[in-house]
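For reference, positions follow the sequence shown, starting with 1.
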Amino acid sequence: MTDNVLNKVRVGVVASDKMDKSITVLIERKLKHPIYGKFVKRSKKFMVHDENNECKVGDTVKITETRPLSKNKSWRVLEIVERAK
């Protein structure tokens, strides 16, 4: 699978792998609070297509945006960056 420059790419941690050919990826980002200046964690979960069921909970994965694959899935796994220990 080739990287398309137009598609968004994110790195996150697998939160759930209980579905067939699907995983849930938790992506955390830090943003600066506009008034207090403190860095705050914000997180979001994405439903991701995992064709070969090779991702496990705790793995760090790189995902990319794709066409809608189902009602909630419009992301797919690009690569497994790091396996869970």
Side-chain angles (χ1 to χ4, degrees):
M1 293 180 209
T2 59
D3 274 333
N4 190 346
V5 179
L6 302 174
N7 289 356
K8 296 175 189 166
V9 175
R10 303 280 186 263
V11 176
V13 178
V14 177
S16 171
D17 64 346
K18 293 179 193 255
M19 299 162 279
D20 185 35
K21 295 189 178 183
S22 298
I23 57 173
T24 304
V25 176
L26 181 75
I27 295 182
E28 271 191 352
R29 60 192 177 97
K30 291 181 180 174
L31 61 100
K32 196 171 188 176
H33 192 280
I35 295 171
Y36 301 116
K38 181 177 180 176
F39 283 93
V40 185
K41 279 187 194 175
R42 295 283 177 236
S43 61
K44 186 168 180 174
K45 285 183 180 177
F46 291 95
M47 289 276 293
V48 181
H49 185 67
D50 178 20
E51 182 63 38
N52 302 322
N53 287 324
E54 52 194 18
C55 298
K56 301 294 174 210
V57 175
D59 289 355
T60 303
V61 292
K62 189 181 283 188
I63 63 174
T64 186
E65 198 172 34
T66 185
R67 66 181 175 82
L69 300 168
S70 71
K71 178 183 171 184
N72 297 319
K73 266 198 312 193
S74 56
W75 294 80
R76 64 179 164 81
V77 175
L78 263 184
E79 64 175 308
I80 299 172
V81 178
E82 185 181 348
R83 291 278 181 190
K85 294 177 177 111

Minimum heavy-atom distance [X]-[Y], with the two atoms named:
| X | Y | value |
| --- | --- | --- |
| Gly58 | Ala84 | C-CB, 3.6 Å |
| Arg42 | Leu31 | CG-CD2, 3.4 Å |
| Ser22 | Lys73 | OG-NZ, 2.8 Å |
| Val57 | Ser16 | CG2-CA, 4.2 Å |

query = Shared ILVMFWY cluster between Ile80 and Met47, side chains joined below 4.5 angstrom?
reply = no
query = Would Val13 and Phe46 show up in the same hydrophobic cluster when neighbours are defined by side-chain heavy atoms closer than 4.5 Å?
reply = no
Salt bridge flag under 4.0 Å for residues Glu51 and Lys21 = yes
message = Show, in sequence, the C-alpha distance, side-chain angles and deciding distance for Lys62 and Val9, and conclude whether the side-chain contact (heavy atoms from CB on, under 4.5 Å) test is met.
response = CA-CA 7 Å; Lys62 189 181 283 188; Val9 175; 3.4 Å; yes
Is the backbone N or O of [Y] less than 3.5 Å from a side-chain atom of [X], with the two atoms forming a donor-acceptor pair by type?
| X | Y | result |
| --- | --- | --- |
| Thr64 | Lys8 | yes |
| Asp50 | Cys55 | yes |
| Asp17 | Ile23 | no |

request  = Give, for atom OG of Ser74 and atom CG of Leu69, the distance between the pair rounded to the nearest 0.5 Å.
outcome  = 7.5 Å
ask   = Could you give the distance from CZ (Arg76) to CD (Glu65), rounded to the nearest 0.5 Å?
value = 10.5 Å
task = Test Glu79 against Val77 for side-chain contact (heavy atoms from CB on, under 4.5 Å), laying out the working first.
result = CA-CA 6 Å; Glu79 64 175 308; Val77 175; 5.8 Å; no
inquiry  = Within the 4.5 Å heavy-atom criterion, are Val61 and Val25 side-chain neighbours or not?
reply    = yes
query = Going through the checks in order, is the side-chain contact (heavy atoms from CB on, under 4.5 Å) test met by Thr24 and Met19?
reply = CA-CA 9 Å; Thr24 304; Met19 299 162 279; 3.5 Å; yes
inquiry  = His49 vs Thr66, test: side-chain contact (heavy atoms from CB on, under 4.5 Å). Steps then yes/no.
reply    = CA-CA 10 Å; His49 185 67; Thr66 185; over 6 Å; no
